[in-house]
Amino acid sequence: MEIIPTEGALGAEIRGVDVAAPLEPKQVAILRGAILEYLLIFFRDQRLTDEAQVRFSRYFGHPEPHVRQRSEGDSSAREIFVVSNVSENGKPLGALGHGELTFHSDLSYLPRPGSLSIVYAVEVPLDGGDTQWANAYAAYDALPPDLRERALELKAVHRHGEDAQNPDVPASHPIVRTHPETKRRATYVSPQFTRHIEGLPREESDAVLESLLRHVTRPEFVWTHKWRPGDVVIWDNRCTMHRREPFLPSERRILKRTQMFGDAPFLEL
Ligand code: SIN
């Protein structure tokens with residue numbers, strides 16, 4: 001197995017692994033270590049059935065049936081969430097369309113949000129639809145001291161834009177979280193899901209959030225992945241955010257995602 005770090009803010013390509021085949025414990029340990037070190041790993045030229053994707057996902061946690069309602073034309077395994085703009089026989093195969101998805105950490109609007117996400121690219125557009133990830137450790141490390149002091153004391157409420165996706169009691173998470181395995185601190189706010197800071201008047205909350213969001217999405221923290229069919233990407237939502245570029249609705253894009261869930265985010269002072 002070869003691990004080839006990207007030259008960007010995060011990520012490493014893994015070569016010499018067939019994701020569809022059973023793995024040795026030693027290989028799994030190396031891959032888990034690489035995720036902790038590089039925050040995201042990817043494999044090219046893979047061929048996965050749903051069953052193989054679910055089996056591979058189990059090496060990294062417990063892939064849960066997705067929390068969102070299944071799309072009408074989606075006949076994939078129950079642990080798989082299809083991200084797609086394609087409809088067949090008038091029935092959508094998946095969700096999330098072709099538009100931009102702004103930066104977010106998966107499912108941060110839940111009390112126990114996503115930890116690792118694993119995506120297999122089945123079909124991708126020739127142009128557009130790239131996904132970008134931001135390194136939230138680097139964002140924390142580079143916070144200006146006054147904003148960092150402030151951020152360490154605050155919690156923020158996360159909500160999905162569609163009411164039906166939200167829990168009855170809104171999820172509130174620390175703005176800076178401690179990664180449960182690396183013990184490093186990472187920012188945990190996103191333009192897509194973070195709504196307001198707990199306990200602050202609206203204007204002050206908006207001002208602090210705006211400064212934080214401007215900071216955490218700075219280009220030097222961001223790495224862009226240009227998808228190819230057969231890619232498998234694993235990322236750690238506890239220390240990254242991601243955003244998707246829009247693409248033409250006439251293009252086909254089908255990604256299959258399995259989702260591991262984590263503990264409630266916490267900050268160790
Ligand atoms: C997601 O947020 O999981 C979707 C990512 C993508 O469409 O690239």
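Scope of the values below: all heavy atoms of this structure, side chains included, with no hydrogens, waters or symmetry mates. For ligands, and for the atoms within them, numbers begin at 1 and follow the listed sequence.
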query: Can an N or O of Trp227 be found at a distance shorter than 3.5 Å from an N or O of ligand 1?
result: no
message: Check this for me, if you would: do Arg218 and Glu220 make a salt bridge, where the nitrogen-to-carboxylate-oxygen distance has to be below 4.0 angstrom?
response: yes
statement: Out of Arg253, Arg257, Met241, Gln132, the nearest non-hydrogen contact to atom 7 (O) of ligand 1 is supplied by Arg253
task: Around atom 4 (C) of ligand 1, find the nearest protein heavy atom and jot down its residue, atom name and distance.
output: Leu101 CD1, 3.8 Å
task: Within a distance under 4.0 Å of any heavy atom of His242, pick out the atoms of ligand 1 and give their elements.
output: 1 (C), 2 (O), 3 (O)
query: Could you walk me through whether His196 and Asp206 pass the side chain to side chain donor-acceptor pair (under 3.5 Å) check?
result: CA-CA 7 Å; His196 64 266; Asp206 287 351; over 6 Å; no
task: May I ask you to check if ligand 1 and Trp235 share an N or O to N or O distance below 3.5 Å?
output: no
- prompt: Any idea which atoms of ligand 1 are less than 4.0 Å away from a heavy-atom of Thr131?
  reply: 6 (C), 8 (O)
task: Would you kindly specify which portion of Val119 sits under 4.0 Å from ligand 1, judged on non-hydrogen atoms: side chain, backbone, both or neither?
output: neither
Glu79 and Arg58: CA distance, side-chain angles, deciding distance, salt bridge (charged side-chain N to carboxylate O under 4.0 Å, His left out) verdict: CA-CA 11 Å; Glu79 293 88 349; Arg58 290 206 178 104; 3.7 Å; yes
Per-atom contacts, ligand 1 versus Val83 - under 4.0 Å to a heavy atom: 7 (O)
message: Please confirm whether the ring centroid of His225 lies under 6.0 Å from the ring centroid of Phe42.
response: yes
query: Which of the atoms of ligand 1 are close to Asp106, meaning less than 4.0 Å from one of its heavy atoms?
result: 2 (O), 3 (O)
Qualifying residue, where the test is side-chain contact (heavy atoms from CB on, under 4.5 Å) with Arg244 and the options are Asp130, Val83, Thr102: Val83
task: Please state whether the rings of Phe221 and His215 are parallel, tilted or perpendicular, taking 30° and 60° as the class boundaries.
output: tilted
- prompt: Does Arg184 come within less than 4.0 Å of Asp141, counting only side-chain N to carboxylate O?
  reply: yes
task: Kindly identify the option in His104, Arg243, Arg244 whose heavy atom sits closest to atom 2 (O) of ligand 1.
output: His104
